[in-house]
Amino acid sequence: MQRIGVFVCHCGTNIAATVDVKTVAEALGHEPGVVISQDYQYMCSESGQNLVKNAIKEHNLTGVVVCSCSPRMHENTFRKAAASAGLNPYLVEIANIREQCSWIHKDIASATEKAIILGKAAVAKVHLNAPLTAGESPVAKRALVIGGGIAGIQTALDIAEAGFEVDIVEKNPTIGGKMAQIDKTFPTLDCAACILTPKMVEASQNEKITIHSFSEVTDVKGFVGNFTVTIKKKARFVDETKCTGCGLCTEKCPMKKVPNEFNMGLDNRTAIYIPFAQAVPKVATIDPNYCMMMKTGKCGVCSKVCSVGAIDYKQEDKFIEQKYGAIVVATGFNPIKLDKYDEFAYNQCPDVVTSLELERLMNAAGPNGGTLLRPSDKTHPHKIVFVQCVGSRCDDSKGKPYCSKICCMYTAKHAMLIREKYPDTEVYVFYIDVRTPGKNFDEFYRRAVEQYNVHYIKGMVGKVTPRSDGKIDVQASDLLANEQLHIDADMVVLAAAIEPDKTARPLATMLTTQMDTNDFFTEAHPKLRPVESATAGIFLSGACQGPKDIPETVAQASAAAAKAIGLLVKDSITCNPCVAHSDELMCNGCSSCEKVCPYGAITYTDKEFKMPDRTIAVRRVASVNPAVCQGCGACTVACPSGAMDLNGFSNSQIMAEVDAICK
Amino acid sequence: MLKISIDKLDALFEAISASQTLYIPADREDGSAEYKKYESGMKLSNALNTVRSAKDFFFPQTENLVDFKMEGKNIEVIDIREESEDFVIFGVRACDARSFTILDKVFLSEPVDSFYKNRRDHGTVVTMACTRPAETCFCGTFGIDAAAPEGDAACYSDGESIFFEAHNDKGQKFIDSISSLLEEGDTAKLDAVRDKTREILKKLPLAGISTESFGGDKLMEHFNSEKWAELSESCLGCGTCTFVCPTCQCYDIKDFNTGHGIKRFRCWDSCMYSDFTKMAHGNPRLTQLERFRQRFMHKLVYFPSNNNGEFGCVGCGRCLSKCPISMNIVKVMKALEVK
Amino acid sequence: MQEAMINRAKQLLADGTVDRVIGWKRGEFAYDITPAVFRSAEELDADFVFDDFTSANVSKYLVKESKKEGKILAFLKPCDTYSFNQLTKEHRVVRENVYIIGIPGGPKLDAEKIKAKGITGILGVKNENYTLKIETVYGEETMPYYEAVLDKCASCKSKKHVVFDELIGDDGEVLESNRFEMVEKLENMTAQERFDFWRDQLSKCIRCNACRNVCPACTCEKCVFDNPNSGVENKAPADSFEENMFHIIRAFHVAGRCTDCGECSRVCPQNIPLHLLNRKFIKDINSLYGEYQAGEDTTSRAPLNDYKQDDCEASIVHERGVE
Amino acid sequence: MQVNENKEFQPLIVAFCCNWCSYAGADLSGTNRLNYPSNVKIIRVPCSCRVNPMFILRAFQRGADGVILCGCHPGDCHYTSGNYFTRRRMTLLFSMLDFLGIERDRTRVEWVSAAEGAKFAATMNEFTEAVKKLGPNRRLEDLRCRKQ
């Protein structure tokens with residue numbers, strides 16, 4: 001038999017002025033199971049709490065109902081009070097008779113009547129409350145960072161700084177990502193390599209950080225604090241532990257006509273290669289698609305010249321398995337492919353380039369040693385047209401609906417750098433809008449216009465036509481002057497939209513995290529939890545969550561690190577006990593619940609059951625991982641048989657409330 | 001015999017319904033028939049029988065037994081029983097008329113079911129002889145003559161007139177009450193109709209079904225028969241057969257919490273249901289085979305065993321046409337028949 | 001067709017591909033056919049039937065049968081294959097344990113429709129050039145074939161088999177059906193008219209559970225209506241509310257999962273057009289969330305387990321149609 | 001449902017509110033002393049997606065005259081996607097109730113954020129008025145639960 005205590009708070013006059021608290025206490029005292037019903041001036045005060053605690057002990061209460069302010073205000077207060085008196089804190093229910101009653105009603109009679117009904121509902125619910133215990137789950141003290149660009153590097157460094165082991169998984173032979181390809185950074189125009197490469201070295205030298213370059217995540221199991229991840233270390237045919245990065249092999253390799261991805265295919269590399277001089281790890285990699293030895297079995301030059309015997313043509317992919325407490329996704333972005341943009345003649349004319357290609361063309365370590373030359377004839381361009389929003393803010397299926405955010409600023413940077421270095425070059429920028437929010441950004445853009453005389457024209461480029469004289473005809477509209485323009489350009493630079501890396505979607509599936517329709521990872525809350533995914537223990541760093549510039553990326557990377565550290569520093573995590581659970585005897589194994597779970601908390605196992613007809617049957621049944629479940633209850637409604645229920649908000653509890661209210 | 005011309009049926013119904021509630025089989029839109037409370041203009045159905053049996057009149061699908069009123073911690077018991085009003089059921093077929101005899105054996109033997117008795121006392125059953133039996137009919141198997149139905153009073157139609165015959169005082173009282181509308185008539189044509197009906201009954205496809213292999217003393221022969229597995233294999237475990245059956249009399253008693261009280265009610269239950277006769281320890285019949293067997297053993301063995309050889313089936317054929325998978329007592333009897 | 005099916009079944013039994021066959025068994029009359037499992041060539045020869053009355057959807061039996069040892073041969077009509085696929089998707093059947101032979105679908109006949117014509121004492125039914133010759137104890141009767149077609153067949157949605165191991169006869173196409181006509185007609189009534197229509201229909205319900213128990217989407221280990229802890233358990237339609245509730249919840253539970261096989265209405269002893277409730281959901285899903293046919297595949301997300309960010313708001317119900 | 005011969009009909013409104021947005025929004029309308037009728041009784045659920053159609057039917061069975069479901073605005077769900085499922089479920093359920101001839105103004109879904117105290121109060125005022133116009137729920141009530 002239940003022994004329930006009801007405690008009605010006056011809240012000074014906040015409640016008592018419009019609700020007749022004595023009548024409420026009296027009425028609730030007649031409810032079945034209620035053994036004590038009291039009112040008090042301030043229930044949340046120490047003496048009020050003592051009233052509750054003493055009643056719990058004295059009357060051996062099995063449930064407590066506090067009629068007071070919103071549970072969002074003092075539910076925890078009274079739960080703690082109950083716990084200190086030896087009653088399970090989840091046997092406390094709050095009837096909200098202040099915010100949802102006394103404060104909104106003026107008529108004492110109807111407010112009192114409503115307060116009684118709300119109290120009855122809470123009593124009806126508490127009858128069915130079960131004691132709940134928050135479970136604990138241990139935390140593996142190691143983080144995984146997926147992606148070794150500036151976001152991943154920064155996150156890893158910050159986590160390592162806090163004293164935790166971090167692994168970086170990078171799919172390319174070197175970490176560094178897009179930032180390594182960039183020449184200068186806006187708005188300060190400092191050299192990207194100068195600020196990035198020290199961080200790369202720092203990461204490689206930090207003993208807490210392990211870099212798995214040329215590797216991929218192939219499987220993720222487990223949940224927050226307890227992920228088991230399989231990492232594929234792709235065969236690079238060079239023993240990483242032996243290679244000193246001397247580079248002799250890359251000099252001697254006879255296969256020299258391999259498009260160099262690092263320079264956006266603007267020059268060539270050898271079949272055995274180190275992506276760039278400051279690569280980390282500085283280890284050679286053999287490209288099996290081009291290596292003569294691998295393709296024909298005849299060559300072996302690199303093996304002969306390698307003094308440490310690091311070359312291993314027979315090397316195979318290796319899989320390693322590691323436990324992690326937290327995972328940070330930093331998979332970054334890529335410019336979109338421009339194949340569909342025939343109007344810009346990108347595929348027809350080598351002098352129509354993307355902005356990232358321009359970065360390489362202007363970079364001292366790039367194909368032309370830093371001198372800006374047209375790719376077609378290696379001559380100096382005198383007129384350059386920049387086209388903004390190529391594929392960004394696009395309504396059609398060719399492009400992306402969103403703003404890529406960084407293009408306005410890097411185009412201003414490119415324009416400014418070109419005008420600075422080659423004052424005889426005319427620069428035109430066609431834009432829809434110039435978007436420069438950010439510290440010192442608008443000043444930067446204005447400098448480009450005012451100091452460097454870059455011609456900014458509001459309008460879209462309609463067609464780019466390479467001419468036989470080597471010039472490029474750019475046909476565009478000037479929306480402000482309302483006229484059609486033709487510009488004889490030497491080069492055209494396209495600000496291609498950026499999109500999440502292609503590896504992000506399969507990764508999201510493995511991680512059971514959510515993505516938006518553009519394949520950007522979805523944050524747990526767009527305002528308040530911007531660096532966490534909805535899946536506990538998975539954090540988001542950098543452009544995988546949305547377009548970002550470098551300072552924003554680094555800020556988010558550090559924020560993600562802080563969140564990960566906050567998790568790793570705990571020995572175990574306390575789970576919310578108000579989670580879903582499945583009654584195996586009723587579960588159909590139909591997977592409906594799994595489909596609506598935003599956290600991937602539900603898994604299925606085949607289990608043997610003694611069936612009602614005395615037979616033994618193997619049935620597929622759902623189980624909820626209480627450490628992962630956040631208790632939304634979506635599964636409880638998706639479940640047709642009612643096998644899935646939610647602690648603290650069970651079907652019977654909610655229906656008891658409905659009944660009491662409608663009584 | 002007293003008779004009334006068929007074209008004066010309306011006047012007859014008006015007369016009966018003037019003094020008490022009258023129920024007659026009436027057509028539904030879909031071509032089937034059901035008992036309806038007579039209202040002016042309503043026509044007597046030509047259908048052989050109603051989809052639902054006539055047992056509802058005495059043993060409705062749900063009925064409240066007692067109320068409990070709850071106020072705070074107090075519970076008050078409220079007796080809700082009332083005397084039933086008088087009513088007439090007109091046009092009951094021979095099979096359904098016999099079903100009342102079977103239900104009486106259950107509900108009127110000690111301890112008497114006062115709810116049932118109340119309605120039984122106040123209801124007058126006026127039967128109607130069949131003239132066009134269907135292929136699903138096998139009332140003859142249980143000694144029922146469709147051309148000579150039981151009931152408080154019986155009616156016979158020769159196509160032009162309806163003849164009345166009282167079987168007991170209640171029936172006589174009923175005929176007396178409408179005697180002003182009746183006239184004495186010649187039964188020569190009627191006798192011919194009845195003879196013809198009996199001829200047809202003999203030719204029906206199920207006319208040969210025999211109860212010889214069944215009865216109270218045949219428990220051991222049938223209980224462990226291997227045939228049950230195959231017979232029950234495709235049974236869906238629904239309650240259609242039991243709910244359309246005029247003799248199935250099992251019920252469950254449940255409490256319904258209205259929020260301010262409890263209504264204790266009883267409702268039909270079905271032995272085909274997995275929670276039938278479920279008790280604290282669980283369910284005595286765990287498989288559909290056992291539940292299926294229960295239904296037919298009850299009708300063909302247990303019931304006769306307890307009721308001087310009377311079978312718990314009247315051969316109305318409703319389960320034959322309504323079972324979703326067309327498994328029925330005839331198929332069971334044929335399979336279990338000892339040749 | 002029946003001959004070809006029996007022969008193929010015998011072959012598959014003989015070569016050990018399967019050890020059981022699920023099909024239909026002849027009854028006492030022309031129309032009272034029972035789904036049955038056959039275990040030998042002799043049983044097949046004696047009782048296996050496939051004709052105008054073999055309308056029962058046997059896919060639900062495979063929930064149990066496919067979990068038994070050995071492999072079972074199932075003859076599935078096009079509509080039955082949708083049910084089977086949906087069950088596969090929900091992990092309710094073990095696909096590997098079923099050998100499926102797709103067989104042509106209906107239209108099948110409805111004995112109730114013949115009886116509703118006043119034809120009784122039926123001894124045999126023959127289809128001669130789309131006229132039914134019905135032999136009865138009162139002499140021969142005739143009626144047009146199409147007037148006796150089952151409702152579910154009259155609004156057939158597809159002659160295509162969505163899953164099979166082999167076919168006997170040709171595969172068909174998804175059809176342009178008129179199946180939403182009655183739903184539309186109801187939608188165009190006033191709320192009061194709709195209320196009266198459904199009150200009239202649902203008040204006939206005797207809660208025999210035939211609709212639920214025959215439904216291939218209703219395979220719950222424990223139905224909420226049988227579970228005293230569910231809060232909705234009941235055994236009888238005690239009043240109009242319970243009559244409504246049972247059918248609303250049942251329809252909601254199968255929404256997005258119902259393949260529209262029509263068995264619920266076929267088996268209803270009270271001829272309640274229950275399929276209209278399911279079709280209402282199907283029609284809403286199609287029009288609000290895009291065309292979706294449950295059972296068409298085994299991988300797509302069920303509409304109620306899915307969403308789009310720009311889905312319509314619930315207020316659309318208030319904005320459209322007749323009040 | 002209360003009908004008093006002297007007084008006008010006072011409908012009983014059950015409001016399911018998600019803990020994170022709408023319940024907080026309801027609290028805010030209290031904090032700001034924004035009135036709405038005492039006919040409205042709120043039941044707190046973690047997320048609007050916790051609301052089973054059975055709860056809504058249950059409320060009508062037991063005498064509610066209107067049921068309103070409030071959740072976070074689409075895209076703002078604390079659990080990221082709960083209200084999207086709610087939206088589909090309730091759209092279909094309400095459409096079915098409408099199909100059965102139940103007055104469509106007895107049911108509603110409204111998105112109310114934690115900041116929208118005014119919207120919460122306005123919504124409840126409006127909804128209560130709408131239900132008041134319809135009169136007592138007679139089409140979806142359990143007669144056994146009707147108060148004598």
Side-chain angles (χ1 to χ4, degrees), chain A residues 69-73 94 96 98-107 109-115 117-118 121 125 514 522-529 533-535 578 595-599 630-639 642 646 648-649 651 654-655 657-663, chain D residues 1 10 12-20 23-24 26-56 58-64 67 75-82 84-86 89 114 117 121 124 145 147:
Chain A
C69 55
S70 172
R72 296 171 58 83
M73 191 78 79
I94 310 291
N96 184 344
R98 189 178 75 174
E99 282 85 345
Q100 296 181 4
C101 190
S102 69
W103 277 354
I104 42 168
H105 306 313
K106 288 176 181 152
D107 175 45
S110 62
T112 305
E113 190 193 335
K114 177 169 166 179
I117 291 172
L118 295 179
K125 187 181 181 192
Q514 296 180 319
T522 309
E523 57 279 17
H525 191 281
K527 284 97 193 172
L528 300 177
R529 298 171 68 192
S533 80
T535 305
C578 294
K595 295 279 183 338
V596 300
C597 178
Y599 308 104
Q630 303 290 308
C632 67
C635 54
T636 61
V637 183
C639 177
L646 187 64
F649 294 95
N651 287 332
I654 296 174
M655 282 196 266
E657 284 184 272
V658 170
D659 289 2
I661 285 173
C662 299
K663 198 148 81 171
Chain D
M1 195 273 309
Q10 288 300 334
L12 170 60
I13 310 282
V14 175
F16 291 97
C17 292
C18 85
N19 182 50
W20 305 97
Y23 194 86
D27 278 355
L28 184 62
S29 62
T31 310
N32 293 340
R33 311 296 200 275
L34 300 168
N35 294 16
Y36 58 86
S38 63
N39 309 53
V40 178
K41 313 286 190 297
I42 295 170
I43 293 177
R44 184 166 69 126
V45 286
C47 175
S48 58
C49 70
R50 175 66 189 92
V51 177
N52 196 309
M54 291 198 291
F55 304 162
I56 292 169
R58 180 88 167 194
F60 283 123
Q61 172 185 32
R62 306 267 150 175
V67 178
D76 288 351
C77 175
H78 178 78
Y79 305 100
T80 69
S81 54
Y84 290 126
F85 294 118
T86 307
R89 289 168 185 164
M124 293 305 149
C145 300
K147 272 163 284 233

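Protein chains get the first letters and strands the later ones, always in sequence-line order, with residue 1 at the start of each.
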>> Measuring from atom CH2 of Trp103(A) to atom CG of Leu34(D), what distance do you get when rounded to the nearest 0.5 angstrom?
In response: 12.0 Å
>> Given heavy-atom pairs under 4.5 angstrom as the criterion, report whether the side chain, backbone, both or neither of Val51(D) touches chain A.
In response: backbone
> chain A heavy atoms under 4.5 Å from Val14(D): which part of the residue, side chain, backbone, both or neither?
Replying inline: side chain
> Looking at Arg33(D), Met54(D), Arg50(D), Gln61(D), which has the largest count of heavy-atom pairs under 4.5 Å with chain A?
Replying inline: Arg50(D)
> Checking Asn19(D) against chain A: side chain, backbone, both or neither under 4.5 Å from a heavy atom?
Replying inline: both
>> I need the minimum non-hydrogen distance between Tyr599(A) and His78(D), along with the two atoms involved.
In response: OH-O, 4.1 Å
> Which atoms of Phe16(D) come close to chain A, meaning under 4.5 Å heavy atom to heavy atom: side chain ones, backbone ones, both, or neither?
Replying inline: side chain
> If you count heavy-atom pairs under 4.5 Å between each of Ser81(D), Ser29(D), Ala24(D), Pro46(D) and chain A, which one has the most?
Replying inline: Pro46(D)
>> To the closest 0.5 Å, what do you measure between NZ (Lys41(D)) and CG (Leu118(A))?
In response: 7.0 Å
> What residue, out of Ile42(D), Leu28(D), Thr86(D), has the most heavy-atom pairs lying under 4.5 Å from chain A?
Replying inline: Ile42(D)
>> On a heavy-atom basis, which atom in Ala524(A) and which in Thr80(D) lie closest, and how many Å separate them?
In response: O-CG2, 3.8 Å
> Ser102(A), Pro598(A), Ala111(A), Pro71(A): which one forms the most heavy-atom pairs within less than 4.5 Å of chain D?
Replying inline: Pro71(A)
> Of the backbone (N, CA, C, O) and the side chain (C-beta and beyond), which part of Phe85(D) lies under 4.5 Å from a heavy atom of chain A, both, or neither?
Replying inline: side chain
> Any idea which heavy atoms bring Ile661(A) and Ile43(D) closest together, and the distance?
Replying inline: CD1-CG1, 3.5 Å
>> Test side-chain contact (heavy atoms from CB on, under 4.5 Å) on Phe55(D) and Asn651(A); report intermediate values, then the result.
In response: CA-CA 8 Å; Phe55(D) 304 162; Asn651(A) 287 332; 3.3 Å; yes
>> Pair Met124(D), Ile104(A) - check side-chain contact (heavy atoms from CB on, under 4.5 Å), show working.
In response: CA-CA 12 Å; Met124(D) 293 305 149; Ile104(A) 42 168; over 6 Å; no
> Which atoms form the tightest heavy-atom contact between Arg44(D) and Phe649(A), and what is the distance?
Replying inline: O-CE2, 3.4 Å
>> Quick check on Lys527(A) against chain D: is it the side chain, the backbone, both or neither that has a heavy atom closer than 4.5 Å?
In response: side chain
>> If the condition is ring-ring contact (aromatic ring centres under 6.0 Å, His included), which residues does His105(A) pass it with, not counting sequence neighbours?
In response: none
> Is any side-chain heavy atom of Pro53(D) less than 4.5 Å from a side-chain heavy atom of Val637(A)?
Replying inline: yes
> Shortest non-hydrogen contact from Cys632(A) to Cys47(D)?
Replying inline: O-CB, 3.5 Å
> Would Ile654(A) and Val45(D) satisfy side-chain contact (heavy atoms from CB on, under 4.5 Å), going step by step from the backbone distance to the final call?
Replying inline: CA-CA 8 Å; Ile654(A) 296 174; Val45(D) 286; 3.9 Å; yes
>> Can you give me the closest heavy-atom contact between Lys114(A) and Ser38(D), atom names plus distance?
In response: CD-O, 3.5 Å
